[in-house]
Amino acid sequence: MPKNSSKTSIFLASCMLSIILLSLISSVILYRQIANLQLGPVRTELVNFINEYEYELMRSTMAFTEEYNHHNDSSEHGEFTKWFNMLLSRYQGLERVQKQHSQIFNRLNLNLLKANLQRIQLLVTRKDIREEANLLRVEQLFNELVIETHQFQTQWAFQNEDLVLAKQKKTLSSYQNSVLLILVTFVIGILMVIYLFSNNKKLLTLQRTLEQRVYMRTKELKDSNSHLISEVQERKKTELQLMQSQLAAEQAHKKIQYQANFDPLTKLANRNLFLERFKQASIRADRNNTFVALLFLDLDRFKFINDTLGHSIGDKLLQEASSRIQEVLRATDTAARFGGDEFAMVLSDIEQLQTVDLIVSRILKSLACPFRLSGNDAFVSASIGITVYPTDGKDSETLLRKADSAMYKAKDAGRNNYQFFTAQMDIEANERRLLEAALYKAVEAQEFCLHYQPIIKSKSRGIAGVEALIRWKDEARGYIPPTEFIPLAEEIGLILPIGEWVLREACGTAVKWVENLSEPFVVSVNVSSRQFQKCNMAEQIAGILEETGLDGKHLMLEITEGLLMGDDQQILSQLQEIRDMGISLAIDDFGTGYSSLSYLKKYPITTLKIDRSFIQDIDIDSDDDELIKGILSMAKSLNVSVVAEGVETIRQAEFLIENDCLLIQGFHYSKPMPAIEFSEYLQQGGSQINLELAADRDCA
Ligand code: C2E
Ligand code: CA
Ligand code: CA
């Protein structure tokens with residue numbers, strides 16, 4: 001579009017130029033035509049010249065007639081001479097004029113004029129001029145001149161008129177042409193102005209559209225530019241993200257690879273790498289005819305520390321223990337963590353089993369040193385089970401299983417101990433596995449029941465309450481004590497359904513007894529720390545109370561010191577909530593754990609249950625006597641009630657009564673009994689029943 005308009009402009013400009021040029025040419029032509037008009041005066045001069053010649057000719061003729069007439073004898077010829085001389089000079093003038101204006105004078109016979117004038121001059125000078133013949137001759141010559149002149153005059157006059165007319169015509173047409181030219185030029189000019197004007201309008205709109213287009217295009221370009229910029233930025237961002245994600249992927253890959261082979265917490269090998277190292281070691285052992293020792297290590301009391309001091313302290317302990325193990329091992333050995341506080345080690349290239357004894361002793365010694373954790377010294381020992389390749393097994397699975405059994409044996413043997421695998425261990429481990437399976441089945445089939453052991457008011461011998469104790473009779477094994485299956489249930493998580501069942505069952509049973517009693521009565525239920533850690537106990541208990549209709553004031557929960565040691569805010573709030581329901585809170589087996597009195601103030605504890613071990617030593621160990629006295633006086637000052645557990649003899653009972661222990665529980669009063677028996681017991685007001693019978697009764 002701009003190209004077209006520029007072409008038009010060039011065309012218009014050249015048109016204007018040509019118009020100016022045409023006007024210039026027309027003006028020049030006109031000017032010249034006007035200049036031609038000045039020829040007039042020249043012609044007038046010529047006419048005058050010819051007229052003067054004619055006049056002089058006429059005067060000369062007249063003067064000759066007068067002066068040379070034969071009747072006139074006068075010799076005076078002055079007038080004639082004067083005019084004749086004038087005529088002669090006029091002739092010379094004519095000759096000049098004819099040269100200048102040959103066109104006009106070409107018809108005048110100058111030769112005749114010259115010849116006649118010369119003849120007249122000759123004749124006039126003759127003496128016989130007065131003779132008639134001569135006179136006539138002169139007159140004839142003059143006449144010829146007059147006629148010639150006259151003829152020329154008439155011809156010239158005509159010719160002159162024609163010429164003037166032609167010239168005028170020419171000038172007129174020239175004028176007309178010029179005017180026409182100017183007119184045409186003017187019209188063209190006007191047309192061009194009109195064209196330019198209209199075109200200008202078009203051009204203006206064109207310009208506007210063009211400007212608009214340019215604006216739009218610029219805007220589009222700007223937009224696309226900014227779009228491009230943002231796209232480039234976006235691309236850069238994406239590239240960066242890609243790089244980052246690549247980096248992250250690489251790191252993740254490394255991490256995965258690391259995680260595939262190492263334990264992230266302790267940086268020890270994991271099970272994978274452990275098995276790989278064992279494989280390599282066993283190949284070497286086969287080749288070199290040596291042994292490989294496989295160690296299974298479990299930290300003693302780790303669970304307790306983890307539960308009481310918290311998981312982060314537990315993790316620190318694991319890390320510290322790991323580095324101690326690493327330090328003791330040889331470069332060719334591998335230590336691995338299988339999870340929790342379970343460690344395994346491959347001791348390769350063993351030629352004599354004494355080497356294993358040496359390394360294992362060093363490990364135990366190293367771990368027995370106190371661990372400094374958060375300002376407290378923690379004492380952790382380890383139990384190690386050992387199997388030997390190829391003596392105890394060929395594959396890692398068998399060897400690990402056997403080492404695990406040996407480890408349990410070491411634990412049973414009093415901890416901080418190691419045991420080489422024996423065939424007997426295998427049998428025991430197998431039994432444990434069978435028990436585990438049986439426990440799962442028992443939970444599903446609800447093979448449990450509760451026995452109830454009364455808590456006696458020492459002074460009045462009235463019944464203050466009852467402790468619910470779980471019983472499980474397996475079809476194959478018969479009666480299995482809770483001390484055997486409760487820790488296993490805690491370990492494998494089955495304590496949660498079992499614990500909930502105990503609570504529901506105890507509350508449901510107790511509510512019937514409470515209805516028939518006028519005295520305050522409390523049913524005491526053992527609750528594992530695990531239950532508090534994994535469940536919202538306050539919520540669960542509230543539900544059970546509502547379900548069974550038992551008032552909270554008739555329920556007591558027996559918890560262990562370990563639960564309070566963790567300083568867990570969540571546990572505190574759960575206990576507070578439970579306490580707010582009117583439920584009593586007792587610390588079971590008091591004296592066996594930390595026995596820190598600070599938590600008695602911190603937690604809403606209502607009761608302490610002095611552990612059986614102290615009661616059994618009454619009158620035997622005076623230290624224990626003092627301890628019991630101390631607990632009793634402290635409890636009194638803290639306004640906490642005390643229950644003495646495991647009271648078997650009258651002496652023990654007397655000692656407790658003497659020292660103001662108000663509540664007693666033990667075989668001396670009653671063994672735990674089924675609910676029906678306990679109902680009877682209650683009806684009889686707590687009179688002695690057949691203890692043997694009650695103790696042996698099973699869940700059926
Ligand atoms: P515990 O809470 O200390 O319960 C007292 C244990 O001492 C009971 O053993 C009881 O039968 C026994 N006992 C009572 N008086 C005497 C006595 O005079 N002499 C002797 N030698 N023993 C006496 P049991 O029923 O075998 O329970 C053992 C442990 O199992 C309980 O100790 C408790 O820690 C746990 N347990 C029992 N039932 C449950 C339960 O329902 N839940 C939880 N978490 N643990 C339970
Ligand atoms: Ca208890
Ligand atoms: Ca107890």
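First listed ligand is number 1; within each ligand, the first listed atom is number 1. One-based numbering along the sequence shown.
- Side chain of Q419 to main chain of A406: no donor-acceptor pair is present (N/O by atom type, distance under 3.5 Å, no hydrogens or angles).
- Distances from ligand 1 to the non-hydrogen atoms of Q665 include no value under 4.0 Å.
- Seen from the Ca ion (ligand 3), atom OD1 of D589 and atom OE2 of E645 lie 150° apart in angle, a value rounded to 10°.
- A donor-acceptor pair is defined here as one N or O able to donate and one able to accept, closer than 3.5 Å; no such pair exists between the side chain of S622 and the backbone of D625.
- Within E467, the N/O/S atom positioned nearest the Ca ion (ligand 2) carries the name OE2.
- At a cut-off of 3.0 Å, E558 does not coordinate the Ca ion (ligand 3) through any N, O or S atom.
- The N/O atoms of Q616, backbone and side chain alike, include none that comes under 3.5 Å of an N/O atom in ligand 1.
- Remark: minimum distance from atom 20 (C) of ligand 1 to any protein heavy atom is reached at E648 OE2, 3.1 Å.
- Of the possible donor and acceptor atoms, none in the side chain of T560 sits under 3.5 Å from a partner among the backbone N and O of S529.
- At a 4.0 Å heavy-atom cut-off, ligand 1 touches P672 through the side chain alone.
- Of the listed options A644, A468, P482, P482 places a heavy atom closest to atom 30 (O) of ligand 1.
- By the 4.0 Å heavy-atom criterion, E467 is counted among the residues contacting ligand 1.
- The Ca ion (ligand 3) lies closest to atom OD1 when only the N/O/S atoms of D588 are considered.
- Exactly one of R432, K303, R530 qualifies for a salt bridge (charged side-chain N to carboxylate O under 4.0 Å, His left out) with E491. That residue is R432.
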Exercise for the section: Determine, stepwise, if the pair E397 / R401 fulfils salt bridge (Lys or Arg N to Asp or Glu O under 4.0 Å). Expected result: CA-CA 6 Å; E397 202 184 323; R401 181 171 49 77; over 6 Å; no
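- Counting backbone and side-chain atoms alike, S524 contributes no N/O/S atom closer than 3.0 Å to the Ca ion (ligand 2).
- One N or O on the side chain of T387 and one on the backbone of L399 form a donor-acceptor pair closer than 3.5 Å.
- With a 4.0 Å heavy-atom cut-off, ligand 1 is reached by no atom of H451.
- Under 3.0 Å from the Ca ion (ligand 3) lies no N/O/S atom of D611, from backbone or side chain alike.
- Taking the centre and axis of the six-membered ring of F448, the NZ or CZ atom of R471 falls outside the cone set by 45° and 6.0 Å.
- Within the 6.0 Å centre-distance limit, the rings of F274 and F338 are counted as a close aromatic pair.
- Using a 4.0 angstrom heavy-atom cutoff, H668 does not count as in contact with ligand 1.
- A cation-pi arrangement is present between K671 and F667 under the rule of less than 6.0 angstrom and at most 45 degrees off the ring axis.
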